[in-house]
Structures are given as structure tokens and as C-alpha cells.
Colleague: 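My structure is below; once you've seen it, I'll send some questions.
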Amino acid sequence: MYSPRSLMLLPVTFFDRDPRKVARALLGKVLVRKTGKTMLAGRIVETEAYLDGDPAAHSYGGRTKRNDVLFGPPGRSYVYFIYGNHFCLNVSCLPDGVPGGVLFRAVEPLAGIEEMARARGVVLQGAGDLRTDLQRLTSGPGRMAEAFGITRERDNDKDFTDPQSDLFIADDGYRVRKAVSTVRIGITKAAEMPFRYVIAENAFVSKLR
DNA sequence: GAGGAGATCGTCT
DNA sequence: GACGATCTCCTCT
């Protein structure tokens with residue numbers, strides 16, 4: 001069972017900088033969702049950066065009702081619906097007025113695993129397939145959003161740096177040994193830019209390349 | 001185990 | 001009216 005000695009909330013300044021730096025720095029941090037009596041927690045193992053002036057970013061076409069959070073203050077949650085099926089979770093970066101964000105692509109489940117499995121409609125198998133099941137639980141933007149019960153209606157524009165928030169990001173002291181950057185996934189514009197960050201040799205990244 | 005197509009709907013043109 | 005920062009299932013090898 002996951003029992004961290006201490007969870008240090010990340011400050012707003014952590015997010016008030018280049019999304020590439022934020023994306024890299026977020027690796028190894030812990031995404032936490034507090035529900036009624038249980039706590040869902042996952043170690044961030046895969047992120048993608050979306051920059052100001054980035055053709056692949058949702059903010060590229062200008063500020064709209066949908067992408068408004070990306071243009072707002074740093075450290076807020078940006079949730080969008082995609083392909084008629086999935087929600088994806090981001091955090092806004094850069095100062096108020098400047099668009100930028102980081103997409104959470106995968107986490108390693110730490111706490112509330114049964115809750116996550118329920119949210120995903122998955123039945124965890126016995127010892128034999130447990131490892132495989134865990135990997136499928138949160139490895140991918142749509143999967144982890146579903147596991148954490150993220151919806152746009154409920155979770156868009158929440159403050160990740162507010163201790164009162166039921167959705168926040170913390171540092172539990174874990175240190176990443178090796179991080180790698182690769183090209184981003186699932187996009188067509190500016191697809192060649194190496195703004196995807198993963199923890200090297202971690203089994204919970206969404207796709208090995 | 002790799003590859004392809006369908007699902008399904010909010011958002012912007 | 002087109003398309004998308006994805007996932008799952010099905011088929012073929």
C-alpha cells in the first residue's frame with residue numbers, strides 16, 4: 001500500500017514557466033484525487049508539452065470558450081473531450097494571458113487502485129495477469145482520465161496548487177533516475193517536435209518507441 | 001503482435 | 001459539416 005511520508009504541494013511558480021520544463025519536472029510527481037473517503041494517486045510517468053505558438057496546441061487558433069484555461073493563470077486543470085469518447089487532462093503553464101500547457105499521458109497507479117479499476121470497468125485478475133491489468137489501467141490519456149473519474153464538466157479549471165482542491169499535484173520525494181524525450185503522439189501538426197517526456201524503462205508509459 | 005477501422009460528439013469553420 | 005493531443009476490438013499472420 002502506498003503511504004508517503006509527506007506530500008508537498010507544488011507551488012504556482014512551478015507551472016509559471018516553459019511547458020517543456022514543466023513537462024520534464026512533472027515526471028515522478030504524484031497526481032492526487034480526493035474523493036469522499038478514498039484517495040486516488042498515481043505517479044506521473046509520461047507527459048507532453050504544448051507551447052505558445054505551437055501549431056499542435058489547442059490554443060493555436062486563438063482563445064475560445066473551450067481552451068480558455070490554457071490562456072489563464074498557471075497551475076489550472078484543462079480538460080477536453082476528444083474523439084467522441086475520451087477526456088484528457090492537462091495543466092496550464094506560463095503567466096496569465098500566455099497560452100501553454102502540459103498533457104498528462106500516463107501515470108503509475110499508487111493508491112485507490114480498486115477504485116480506478118471500477119471507474120474503468122475493469123476486473124482485476126489474479127496474480128498472473130495483475131501486472132498487465134495495472135498497465136492498462138492508466139497508460140494513456142483517455143485511460144488515466146477515466147480511471148481518475150475526470151470529466152470536463154466537473155474538473156475543468158480546477159487549481160492544482162490549492163490544498164482545498166480535490167485534484168492536486170504533489171512531490172513525495174521520489175527522484176527520477178532517467179528521463180527521455182521523444183516525439184509527441186496522436187497529432188499531425190508539428191508532430192516531429194520532441195516534446196513528449198517519459199521516465200525511461202517505466203512499464204506504465206502508454207507506448208514504447 | 002501488428003495493423004486497421006469504428007465508435008461517437010463537442011467545438012469551430 | 002469536418003475532424004480530432006484516443007481506445008478497443010477484430011482480423012490476419
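Per chain, numbering begins at 1; letters A, B, ... match sequence-line order. As the structure is a computational prediction, the values presented were derived from the model and not from experiment.
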Colleague: Does anything in residues 71-84 of chain A pair up under side chain to side chain donor-acceptor pair (under 3.5 Å), and if so which pairs, sequence neighbours excluded?
Modeller: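 Sorted pair list: A/H58-A/Y78, A/R76-A/D157.
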Colleague: Between A/R43 and A/E108, does any side-chain N to carboxylate O distance fall below 4.0 Å?
Modeller: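 Salt bridge between A/R43 and A/E108, a charged N being under 4.0 Å from a carboxylate O: no.
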Colleague: Is the shortest distance from a Lys or Arg side-chain nitrogen in A/D155 or A/K158 to a carboxylate oxygen in the other one below 4.0 Å?
Modeller: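 Salt bridge flag = yes for A/K158 with A/D155.
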Colleague: OP1 or OP2 of C/dC7 less than 4.0 angstrom from a side-chain nitrogen or oxygen of A/R120, does that happen here?
Modeller: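 Indeed not, no polar side-chain atom of A/R120 lies that close.
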Colleague: Rounded to whole angstroms, how far apart are OH on A/Y60 and C1' on B/dT13?
Modeller: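 After rounding, the gap between these two atoms is 16 Å.
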Colleague: Is there a side-chain contact between A/F160 and A/L31 (heavy atoms, below 4.5 Å)?
Modeller: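 Touching, per the 4.5 Å side-chain cut-off.
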Colleague: How long is the line joining CZ of A/F87 and C1' of B/dC9, in whole Å?
Modeller: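 These atoms are roughly 10 Å apart.
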Colleague: How close or far is atom P of B/dT8 from atom CZ of A/R152, stated in whole angstroms?
Modeller: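 Going from CZ in A/R152 over to P in B/dT8 covers 22 Å.
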Colleague: On a heavy-atom basis, which atom in A/L137 and which in A/R120 lie closest, and how many Å separate them?
Modeller: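 Reported closest heavy-atom pair: O-NE, 3.0 Å.
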Colleague: Ignoring hydrogens and angles, state whether a donor on the side chain of A/T138 or A/R143 is under 3.5 Å from an acceptor on the partner side chain.
Modeller: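 Their side chains do not contain a donor-acceptor pair, so the 3.5 Å distance test is not met.
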Colleague: Decide yes or no for A/I169 and A/F104: does some side-chain heavy atom of the first lie under 4.5 Å from some side-chain heavy atom of the second?
Modeller: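 Yes, close enough: below the 4.5 Å cut-off.
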Colleague: Would a line drawn from the ring center of A/F87 to the ring center of A/F81 be shorter than 6.0 Å?
Modeller: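 Distance test on ring centres: under 6.0 Å, yes.
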Colleague: Write out the stems for DNA chain B, ordered by first number and formatted as range with range, counting runs of at least 3 consecutive Watson-Crick or G-U wobble pairs under 3.5 Å.
Modeller: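 Only these stems qualify: B:1-7 with C:6-12, B:9-12 with C:1-4.
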Colleague: N/O contacts under 3.5 Å, protein versus nucleotides 4-6 of chain C?
Modeller:
from, atom 1, to, atom 2, distance (Å)
C/dA5, OP1, A/H58, NE2, 2.8
C/dA5, N9, A/Y80, OH, 3.4
C/dA5, N7, A/A56, O, 3.4
C/dA5, N7, A/H58, NE2, 3.2
C/dA5, N1, A/N90, OD1, 2.4
C/dA5, N3, A/Y80, OH, 2.9
C/dT6, OP1, A/R105, NH1, 3.3
C/dT6, OP2, A/G186, O, 3.0
C/dT6, O2, A/H86, NE2, 2.8

